[in-house]
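The figures that follow rest on heavy atoms only: side chains count, while hydrogens, waters and symmetry mates do not.
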Amino acid sequence: WSVPALVVIFLGGVAWFGSHELDPAKPLKGADPVRVEVVSLDWKWLFLYPDQGVASVNRLVIPAGRPVNFRLTSASVMNSFFVPRLGGQIYTMAGMETKLHLQADAPGRYRGLSANYSGKGFPGMAFAVEAVAPGQFEAWAAGAKGGGAVLDAKGYLALAKASENVAPYTYRAVA
């Protein structure tokens, strides 16, 4: 073996193992993760919290310091879920499920967006990410249960209709 060949093999091995350590579908180590199901719609984001029994539109609330396991899909065209300051971007596609694992290490407010052009409402397809203390997360979920509509089949069909620049709101329950 020549020295250049060994260097190429070594660098290839480092790149191979390093890239697999950063696989977005690989769960993060740490505390019990929060599960969030994400649906990209025309032109808004739906966040379902199955363990809390609530949902929100264009507002993602997560506990700081705790891993978040996302399951993502699209109700229509392909989109790209992106929270730049948390380091995650992944595509959502109709009829398919992708996974992403992120964690906000400290409380803060972050910008989430679609990074894939998806039609005329694309510029307004942004969402707020609020990383809060764990107790505040539980209080937010409990507060969401106290008001708003129930997301049922009829409500989902209405939500799935194309709309632009949708202000954030929550659902108190998910049927």
Side-chain angles (χ1 to χ4, degrees), residues 24-25 33-64 66-104 107-133 136-175:
V34 172
R35 296 185 310 139
V36 179
E37 297 176 1
V38 181
V39 182
S40 63
L41 302 156
D42 291 332
W43 288 278
K44 56 201 159 281
W45 293 95
L46 172 62
F47 302 103
L48 301 149
Y49 297 80
D51 297 327
Q52 288 73 27
V54 298
S56 64
V57 173
N58 286 344
R59 181 178 180 213
L60 174 63
V61 180
I62 58 174
R66 191 168 161 195
V68 182
N69 293 357
F70 294 99
R71 286 182 35 205
L72 305 102
T73 192
S74 176
S76 62
V77 301
M78 184 170 76
N79 251 297
S80 179
F81 175 88
F82 189 28
V83 184
R85 289 186 52 204
L86 296 183
Q89 176 185 3
I90 198 153
Y91 284 94
T92 62
M93 294 168 270
M96 298 181 75
E97 177 185 296
T98 54
K99 294 179 183 180
L100 178 67
H101 303 279
L102 298 177
Q103 178 175 314
R109 189 169 170 88
Y110 307 96
R111 184 170 189 262
L113 60 124
S114 171
N116 187 68
Y117 181 75
S118 61
K120 70 177 187 162
F122 164 75
M125 195 171 172
F127 57 95
V129 180
E130 297 173 31
V132 298
Q136 287 178 288
F137 174 74
E138 298 303 328
W140 170 81
K145 288 180 182 182
V150 172
L151 181 59
D152 56 13
K154 183 179 176 183
Y156 179 79
L157 290 175
L159 178 65
K161 291 180 182 173
S163 57
E164 299 178 46
N165 301 310
V166 176
Y169 61 93
T170 58
Y171 290 96
R172 65 181 162 89
V174 179

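Atom CE of Met93 has more than 12 neighbouring heavy atoms from other residues, nucleotides or ligands inside a 6.0 Å radius.
At distances below 3.5 Å, at least one donor-acceptor pair connects side-chain atoms of Lys145 with backbone N or O atoms of Gln52. A donor-acceptor pair under 3.5 Å is absent between the side-chain atoms of Arg35 and the main chain of Asn69, judged by distance alone. Judged purely by atom type and a 3.5 angstrom limit, Asn58 uses its side chain to pair as donor or acceptor with the backbone of Val166. The backbone N or O of Ala160 sits nowhere less than 3.5 Å from a side-chain atom of Asp42 that would complete a donor-acceptor pair.
Defined by atom type and a distance below 3.5 Å, a donor-acceptor pair is missing between the side-chain atoms of Asn79 and Thr92. Looking at Ser80 and Gln89, their side chains do bring a donor and an acceptor atom within 3.5 Å of each other.
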Derivation of the side-chain contact (heavy atoms from CB on, under 4.5 Å) call for Phe70 and Leu60: CA-CA 11 Å; Phe70 294 99; Leu60 174 63; 3.8 Å; yes
- prompt: Would Trp140 and Val132 count as a side-chain contact (heavy atoms from CB on, under 4.5 Å) if you check the C-alpha gap in whole Å, the side-chain angles of each, and the deciding distance to 0.1 Å?
  reply: CA-CA 9 Å; Trp140 170 81; Val132 298; 5.8 Å; no
query: Under the side-chain contact (heavy atoms from CB on, under 4.5 Å) criterion, do Arg66 and Gln103 qualify, and how do the steps go?
result: CA-CA 6 Å; Arg66 191 168 161 195; Gln103 178 175 314; 5.8 Å; no
message: Before you tell me yes or no, could you show the steps for Phe137 and Val34 under side-chain contact (heavy atoms from CB on, under 4.5 Å), namely the whole-Å CA-CA distance, both residues' side-chain angles and the distance that decides it to 0.1 Å?
response: CA-CA 10 Å; Phe137 174 74; Val34 172; 4.0 Å; yes
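Contact check for Val174 versus Val54: no side-chain heavy atoms found under the 4.5 Å cut-off. Annotation: side chain of Leu151 is in contact with side chain of Leu46 (closest heavy-atom distance under 4.5 Å). Looking at heavy atoms from C-beta onward, Ser56 lies out of side-chain contact with Trp45 at the 4.5 angstrom threshold. Inter-residue side-chain proximity for Val77 and Trp43 is flagged as unmet; no heavy-atom pair is nearer than 4.5 Å. No side-chain heavy atom of Ser40 sits under 4.5 Å from any side-chain heavy atom of Met78. Put simply, the side chain of Val57 reaches to within 4.5 Å of the side chain of Leu159, judged on heavy atoms. Residues Asn116 and Tyr91 have side chains in contact (heavy-atom distance under 4.5 Å, counting atoms from C-beta outward). In this structure, the side chains of Thr98 and Thr73 stay at 4.5 Å or more apart for every pair of heavy atoms.
The minimum heavy-atom distance linking Ser74 with Val39 is given by the pair C-CG1, 4.4 Å. Heavy-atom minimum distance, Tyr171 versus Val150: CD2-C, 3.9 Å. Nearest heavy-atom pair, Pro50 versus Glu37, reported as atom, atom and distance to 0.1 Å: CG-OE2, 3.9 Å. Residue Arg109 comes nearest to Ala128 through the heavy atom pair NH2-CB, 3.4 Å, listed as atom of the first residue, atom of the second, then distance. Across all their heavy atoms, Arg59 and Pro168 have their closest contact at CB-CB, 3.8 Å. Closest non-hydrogen pair, Ala104 versus Ala131, comes out as CB-CB, 3.5 Å.
Using bins of under 30°, 30° to 60° and over 60° for the plane-to-plane angle, the ring pair Phe47/Phe81 lands in the perpendicular bin.
The distance from the CD atom of Gln136 to the CD1 atom of Ile62 is 12.5 Å, given to the nearest 0.5 Å.
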